[in-house]
Amino acid sequence: MLEWISRFPGYDHVLGSIKTIVGNIILTGPVPRHVGLIMDGNRRYAKKEHIELREGHSLGFESMAKILELLYESGVECASVYAFLIENFKRLSYEVEWLMQLAKDKFTQISNQGELAEEYGIKIKILGNVKLLPKDVQDVLHQSEEMTKHNTRAVLNVCIPYTSRDEITHLIQQIVAHENEDDEDEDDFFIDESTISNYLYTNESPPLDLLVRTSGTFRLSDFLLWQCVDPHCAIVFVDKMWPAFTPFDMCKILINWGFNNYWYGHSSGFVRRKQVKDTV
Ligand code: FPP
Ligand code: MG
């Protein structure tokens with residue numbers, strides 16, 4: 001998208017209308033029920049655009065809001081966003097502080113005004129090892145969960161701070177703890193794949209149908225590993241940095257997913273690399 005177009009008066013309004021129309025078109029075909037987003041490339045984008053690193057993360061949040069809007073307009077029931085990896089705590093302390101502040105500010109706004117959550121009836125769920133976060137951030141996040149807990153139209157899983165290995169460690173601890181509580185039924189102690197699925201943080205979400213990662217990096221970074229190996233989950237790698245990833249890029253991916261699902265009965269069944277040309 002040429003940047004000067006975005007400065008035209010009324011651009012956002014027109015964009016919003018197009019998004020609704022395109023969302024409705026996508027809605028007529030098969031739509032993934034659950035989409036995961038690895039929003040990578042905020043710092044590289046900031047560097048390339050000669051803006052402050054902090055600004056890169058803020059633009060990353062804006063990009064996330066626009067993409068989520070499109071997903072929910074298109075009929076997606078659940079989105080899981082990778083907002084903060086547990087490993088991100090190893091970044092320089094000022095960057096960790098900015099990211100924590102960003103989470104606090106944005107989720108305070110969401111709780112106070114409820115824009116996205118209210119408009120789309122979204123239930124916010126915080127997934128991850130929340131006790132690793134500063135107490136004030138935990139409080140804000142819990143407040144946004146509390147405020148939106150009765151919403152039923154769609155779900156936003158905010159993974160913060162999250163890694164799959166931590167999720168799996170946590171679920172094993174939970175299973176063992178429940179087993180120890182329930183000593184009498186020792187003979188019934190049996191773990192299979194469905195036991196694991198029931199203990200995942202995503203246990204209330206539909207199966208993951210589509211995982212999108214930006215920044216041209218081909219790895220999963222410990223995100224939803226158990227969930228994304230399902231043969232019906234398509235994994236799409238995009239060559240753009242997250243703040244440059246537009247709703248139109250997401251549309252192309254959704255249409256492609258719908259097309260594959262319509263013709264082959266599933267999204268792809270294999271890892272597909274989709275190159276979206278970076279025009280920014
Ligand atoms: C990855 O880019 C991005 C993050 C670690 C943070 C993701 C956060 C957002 C997109 C904003 C949403 C925030 C909240 C609070 C929900 P990077 O920093 O790894 O950049 P790089 O890959 O270019 O180094
Ligand atoms: Mg990165």
Side-chain angles (χ1 to χ4, degrees), residues 1-20 22-23 35-74 76 79-85 88 91 94-120 122 124 126 137 140-141 144 148 154-160 212-216 238-254 276 278-280:
M1 182 68 58
L2 294 171
E3 208 186 306
W4 56 268
I5 297 180
S6 65
R7 298 200 192 103
F8 270 35
Y11 169 83
D12 280 340
H13 179 72
V14 172
L15 191 70
S17 309
I18 293 173
K19 234 185 288 169
T20 307
V22 175
V35 176
L37 299 171
I38 304 179
M39 311 177 287
D40 195 31
N42 292 352
R43 295 184 298 185
R44 276 168 284 169
Y45 179 84
K47 200 170 172 199
K48 188 171 157 224
E49 295 297 315
H50 307 289
I51 55 174
E52 272 189 55
L53 194 151
R54 186 200 298 238
E55 184 65 7
H57 287 310
S58 297
L59 292 173
F61 185 89
E62 284 175 29
S63 195
M64 181 184 87
K66 286 183 200 153
I67 300 297
L68 289 175
E69 209 181 328
L70 172 81
L71 292 179
Y72 296 128
E73 290 272 7
S74 306
V76 168
S80 296
V81 295
Y82 209 2
F84 196 86
L85 287 80
N88 287 160
R91 290 189 178 187
Y94 65 82
E95 191 189 348
V96 175
E97 275 164 31
W98 289 344
L99 283 165
M100 290 299 128
Q101 192 59 45
L102 185 68
K104 227 171 91 177
D105 292 350
K106 296 299 179 184
F107 282 91
T108 305
Q109 262 175 35
I110 289 171
S111 300
N112 291 345
Q113 298 159 13
E115 285 161 2
L116 190 75
E118 193 81 354
E119 191 177 343
Y120 294 99
I122 290 163
I124 294 175
I126 308 298
V137 180
V140 169
L141 294 177
S144 63
T148 60
V155 174
L156 171 60
N157 291 328
V158 184
C159 302
I160 176 172
V212 178
R213 186 199 177 113
T214 56
S215 90
V238 178
D239 246 354
K240 282 189 169 184
M241 298 303 140
W242 176 254
F245 182 64
T246 66
F248 295 102
D249 298 322
M250 191 67 227
C251 269
K252 285 190 247 170
I253 294 171
L254 289 177
V276 177
D278 191 347
T279 50
V280 178

Practice prompt. I would like to know whether Val96 and Leu99 meet side chain to side chain contact (heavy atoms under 4.5 Å, CB included); could you show each step before the answer?
Written response: CA-CA 5 Å; Val96 175; Leu99 283 165; 5.9 Å; no
I want to check something: taking the side chain as every heavy atom from C-beta on, are [X] and [Y] in contact at a cut-off of under 4.5 Å?
| X | Y | answer |
| --- | --- | --- |
| Met241 | Lys48 | no |
| Phe107 | Val137 | no |
| Val81 | Leu68 | yes |
| Leu102 | Phe84 | no |
| Met64 | Phe61 | yes |

Item to complete: Quick one: do Leu141 and Ile124 satisfy side chain to side chain contact (heavy atoms under 4.5 Å, CB included)? Show the steps, please.
Response: CA-CA 9 Å; Leu141 294 177; Ile124 294 175; over 6 Å; no
Practice prompt. Using modelled atom types only, decide if a donor and an acceptor are shared between the side chain of Ser74 and the backbone of Val76 within a distance under 3.5 Å.
Written response: no
Worksheet item: Is there any salt bridge (Lys or Arg N to Asp or Glu O under 4.0 Å) pair reaching into residues 97-109, and which pairs are they, with sequence neighbours excluded?
Response: Lys104-Asp136
Discussion item. Can you list everything that forms a salt bridge (charged side-chain N to carboxylate O under 4.0 Å, His left out) with Arg43? Sequence neighbours excluded, please.
Written reply: Glu95
Practice prompt. Nearest 0.5 Å please: distance from the CG atom of Asn42 over to the NE2 atom of His57.
Written response: 5.5 Å
Discussion item. Restricting to side chain to side chain contact (heavy atoms under 4.5 Å, CB included), what partner residues turn up for Glu52, sequence neighbours left out?
Written reply: Arg54, Glu55
Worksheet item: Does the side chain to side chain contact (heavy atoms under 4.5 Å, CB included) test come out yes or no for Val212 and Ile253, once each step is laid out?
Response: CA-CA 9 Å; Val212 178; Ile253 294 171; 4.1 Å; yes
Practice prompt. Over all heavy atoms of both residues, which pair between Leu37 and Met250 is shortest? Give the atoms and the distance, please.
Written response: CD2-SD, 4.5 Å
Worksheet item: Where is the tightest heavy-atom contact between Ser215 and Asp40, given as atom of each residue plus distance?
Response: OG-OD2, 2.8 Å
